[in-house]
Amino acid sequence: MQSHWFKNAVIYCLEVDVFNDSNGDGIGDFVGLRQGLSYLAGLGVSCLWLLPFFKSPDRDDGYDVMDYLSVDPVLGDLGDFAAFMDEARDRGIRVIIDLVVNHTSNRHPWFQRARRKDPKYHDYYVWRSDPPGDTSKEVAFPGKEKSVWQYDKLAKAYYFHRFYHYQPDLNTANPAVREEIKKILGFWAALGVSGFRVDAAPFVISAKGANVEKQPHESFEFLNEFREFLRWKTGDAILLAEANVPPEQLTDFFGPEGTRMNMLLNFYVNPHLFLAIAQKSPEPILRSLRALPQIPASCQWAYFLRNHDELDLSRLAEPEREDCLRAFAPKKEMQLYGRGIRRRLAPMFNGDLAQTLLGYSIIFTIPGTPVFWFGDEIGMGEDLSLEERNSVRTPMQWSNERNAGFSTAPKEQLRRPVVSKGRFSYRKVNVRDLRREPQSLLNCLERMIRTRKEYPEFGTGSYRILETDRPKVIFAHACEDDGGHAVLAAHNLSDKPETVTVHLWKDSFDHFAYLFEEREDERISDGKIHLKLPGHGYSWLRLAPR
Ligand code: NOJ
Ligand code: CA
């Protein structure tokens with residue numbers, strides 16, 4: 001288990017261009033990020049996941065890549081990247097980066113040659129010459145695109161695009177394209193990254209083109225191929241995939257022997273967790289956890305609350321979706337693509353600290369690796385005047401100084417405006433102020449991170465859901481490792497204080513210790529534990545054997 005560093009990691013996802021601007025041009029950069037590492041190390045982050053930072057026309061926030069082997073000049077150069085990597089390593093922080101190879105930008109030189117029918121590059125993409133039928137149901141961003149085919153005048157043919165029309169899909173069935181992908185993996189691995197977040201993994205390996213609904217099983221082999229390649233390049237680099245597919249299809253992404261993806265972002269438990277908070281009941285969480293497949297011992301789930309995209313509710317039933325929208329995104333402008341919420345975490349909970357911590361406590365204790373979206377650790381808010389998902393991508397709020405301390409540039413030059421109005425304004429919500437308040441979200445999370453790292457059982461142990469006398473409101477579970485170390489977490493989904501009796505699964509425990517509360521250890525008699533939890537409260541315990 002020792003070598004599986006990612007199982008006990010705390011991942012922090014950020015976008016370089018809105019994190020910290022070092023030269024006052026209004027755009028965050030790698031020098032600024034390097035300066036921000038002391039904050040991240042202090043918080044206890046052990047792995048950064050960087051959103052795309054490659055040369056890009058930036059129409060999809062960098063997910064439209066023009067050159068995979070580059071740093072976008074506005075963010076710095078490869079030297080700045082290397083210096084950042086160096087310092088991250090010194091501080092014990094690993095770095096994983098986005099691998100966006102389902103598609104390129106239409107301005108990528110490969111595509112420019114492909115549309116001119118260059119024999120080497122034409123088949124890097126997926127073409128058809130006859131007019132396509134109605135494919136409006138297959139687009140990734142309903143309301144923004146109408147078809148997955150776009151006519152190109154130079155090629156005199158239609159090219160396939162799962163996402164925006166300016167993101168032509170790469171033809172991953174073409175071995176030459178897979179060689180390019182390996183070149184990208186090898187390049188960044190050589191520069192020291194510890195892995196890749198595989199963007200849109202199901203689409204990378206699916207059959208592309210006319211028969212978009214069919215996915216021949218063979219294509220999962222592509223994942224083996226990439227993983228195998230990476231293993232040769234560097235022993236412990238990982239692949240973390242974005243695969244938002246129904247639970248029964250998830251196993252294939254890990255592979256029966258765990259030879260494909262090391263980790264998957266869990267898009268199934270995520271909406272159920274929010275539903276549980278909306279309904280004040282643990283039932284949706286339990287249901288979603290039970291629906292998950294068993295995963296190979298070498299693999300791991302990655303759990304998040306919010307990310308840089310919309311909160312996707314499409315795996316919930318219609319009335320459940322309604323419950324979530326009513327609770328967390330009651331206005332139309334807070335919703336997106338007919339399936340999601342384009343808000344940050346703290347405002348979804350009306351700034352309520354207890355609910356925010358409850359959410360974090362759950363993703364920190366269910367077996368998996370927690371992932372933060374930058375700024376959510378201080379409870380930042382969103383800007384709904386920005387387009388689509390950009391609402392949750394405003395600059396980091398460092399202090400109550402001009403531009404939230406993000407940049408010294410004139411306001412109009414900022415990559416995106418800082419949140420400057422209302423209760424989530426940088427004047428009220430910023431790193432500097434929150435770190436001075438002992439009970440702030442930031443300080444509670446710092447303690448939570450430290451405690452999570454001290455008890456790796458949460459990430460790697462075998463877990464079991466426990467019986468309680470308050471099953472309608474309490475979610476209690478325990479994690480135990482092979483050496484008999486056991487921890488227990490109890491969560492109160494209701495907004496009222498609760499007294500609960502938790503039944504242990506064996507009677508070999510002598511006493512338990514509270515990991516957060518200032519309370520004495522308590523003896524365990526007849527295999528039961530009695531707890532008092534405030535509304536939306538949680539408790540973590542260490543169980544000591546006799
Ligand atoms: C998933 C990314 O998370 C999202 O931000 C992006 O728009 C699409 N993939 C297309 O690359
Ligand atoms: Ca800059």
Side-chain angles (χ1 to χ4, degrees), residues 13-36 49-54 56-66 68 71-77 80-81 84 96-106 108 139-145 148 160-170 196-204 206 240-245 264-265 267 270 302 304 306-312 336-337 339-340 342 371 373 386-393 395-396 403 405-410 413-416:
C13 174
L14 67 85
E15 223 182 326
V16 179
D17 61 353
V18 285
F19 196 64
N20 193 25
D21 173 20
S22 72
N23 60 355
D25 65 356
I27 303 173
D29 44 55
F30 273 102
V31 174
L33 175 56
R34 177 157 58 80
Q35 291 159 355
W49 153 21
L50 304 184
L51 258 51
F53 53 80
F54 320 102
S56 160
D58 222 13
R59 295 179 72 183
D60 182 17
D61 204 13
Y63 280 96
D64 44 339
V65 180
M66 257 174 91
Y68 292 98
V71 168
D72 196 312
V74 294
L75 309 177
D77 57 25
D80 298 324
F81 178 82
F84 150 73
I96 63 182
I97 66 173
D98 243 278
L99 178 74
V100 192
V101 292
N102 176 65
H103 46 263
T104 67
S105 159
N106 58 353
H108 195 293
V139 302
F141 301 123
K144 299 291 159 188
E145 294 289 342
V148 295
F160 180 70
H161 63 89
R162 173 61 75 172
F163 295 93
Y164 296 105
H165 64 276
Y166 51 80
Q167 288 168 325
D169 269 45
L170 280 166
F196 299 84
R197 177 265 193 185
V198 185
D199 184 56
F203 301 120
V204 173
S206 72
L240 158 68
E242 177 200 29
N244 189 351
V245 298
L264 294 187
L265 288 157
F267 283 92
N270 179 267
F304 57 99
R306 289 291 294 111
N307 60 17
H308 61 293
D309 288 328
E310 80 282 9
L311 195 175
D312 184 357
L336 192 61
Y337 309 135
R339 62 164 181 243
R342 58 185 208 106
V371 183
W373 172 230
L386 301 179
E387 294 259 287
E388 294 181 58
R389 294 154 289 152
N390 284 347
S391 50
V392 300
R393 301 170 181 174
M396 181 67 175
N403 298 332
F406 157 70
S407 171
T408 55
Q413 265 181 41
L414 298 185
R415 162 116 320 178
R416 286 191 199 104

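One-based numbering, in listed order, for ligands and for the atoms of each.
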- Task: State whether the side chain of N403 and the backbone N or O of G405 hold a donor-acceptor pair below 3.5 Å, judged by distance alone.
- Result: no

- Note on the structure: min-distance protein heavy atom vs atom 3 (O) of ligand 1 -> D309 OD2, 2.5 Å

- Query: For D21, what is the atom name of its N, O or S atom nearest to the Ca ion (ligand 2)?
  - Reply: OD1

- Message: Main chain of Y164, side chain of Q167: is a donor-acceptor contact present, judged purely on distance under 3.5 Å?
- Response: yes

- If you check every N/O/S atom of D29, which is the one nearest the Ca ion (ligand 2)? OD2

- Message: Please confirm whether the ring centroid of H108 lies under 6.0 Å from the ring centroid of Y68.
- Response: yes

- Query: Under 4.0 Å from any heavy atom of R393, which atoms of ligand 1 are there?
  - Reply: 5 (O)

- Query: Any heavy atom of E310 sitting closer than 4.0 Å to ligand 1?
  - Reply: no

- Taking the inter-plane angle between the rings of F81 and F30 on a 0 to 90° scale, is it parallel (under 30°), tilted (30 to 60°) or perpendicular (over 60°)? perpendicular

- Message: Regarding R342 and E388, does a basic nitrogen lie under 4.0 Å from an acidic carboxylate oxygen?
- Response: no

- Which of the atoms of ligand 1 are close to D199, meaning less than 4.0 Å from one of its heavy atoms? 1 (C), 2 (C), 3 (O), 9 (N), 10 (C), 11 (O)

- Atom name in D25, limited to N/O/S, at shortest distance from the Ca ion (ligand 2): OD1

- Query: Of the protein's non-hydrogen atoms, which lies at the shortest distance from atom 6 (C) of ligand 1, and what is that distance?
  - Reply: D60 OD2, 3.5 Å

- Task: Examine N23 and say whether one of its N/O/S atoms is closer to the Ca ion (ligand 2) than 3.0 Å.
- Result: yes

- Message: Please check this pair: side chain of R59 against backbone of Y166, looking for a donor-acceptor N/O pair closer than 3.5 Å.
- Response: no

- Query: Considering only heavy atoms, does R197 approach ligand 1 within less than 4.0 Å through its side chain, its backbone, both, or neither?
  - Reply: side chain

- Note on the structure: Counting from 1 in the order shown, the ligand 1 atoms closer than 4.0 Å to a non-hydrogen atom of F141 are 7 (O)

- Do D98 and Y63 get their side chains close enough for a donor-acceptor pair, meaning under 3.5 Å? yes

- Item | Close-contact set for ligand 1 against E242 heavy atoms, below 4.0 Å | 1 (C), 3 (O)

- Can you list the atoms of ligand 1 that are under 4.0 Å from a heavy atom of H308? 2 (C), 3 (O), 5 (O)

- Message: Are any of the N/O atoms on Q167, whether in the backbone or the side chain, positioned under 3.5 angstrom from an N/O atom of ligand 1?
- Response: no

- Item | Pair D60 + K144: basic N to acidic O under 4.0 Å | no

- Report yes or no: does H103 have a heavy atom closer than 4.0 Å to ligand 1? yes

- Query: Judging by distance only, is a nitrogen or oxygen of R389 under 3.5 angstrom from one on ligand 1?
  - Reply: yes

- Can an N, O or S atom be found in I27 less than 3.0 Å away from the Ca ion (ligand 2)? yes

- Between E15 and R415, is the closest basic N to carboxylate O distance under 4.0 Å? no

- Query: Taking all atoms of both residues into account, what is the closest heavy-atom pair of S22 and Q35, and its distance?
  - Reply: CB-OE1, 4.0 Å

- ligand 1 contacted by Y164 (non-hydrogen, < 4.0 Å): no

- Scanning both residues in full, the closest heavy-atom pair of D64 with S56 reads O-OG, 2.8 Å

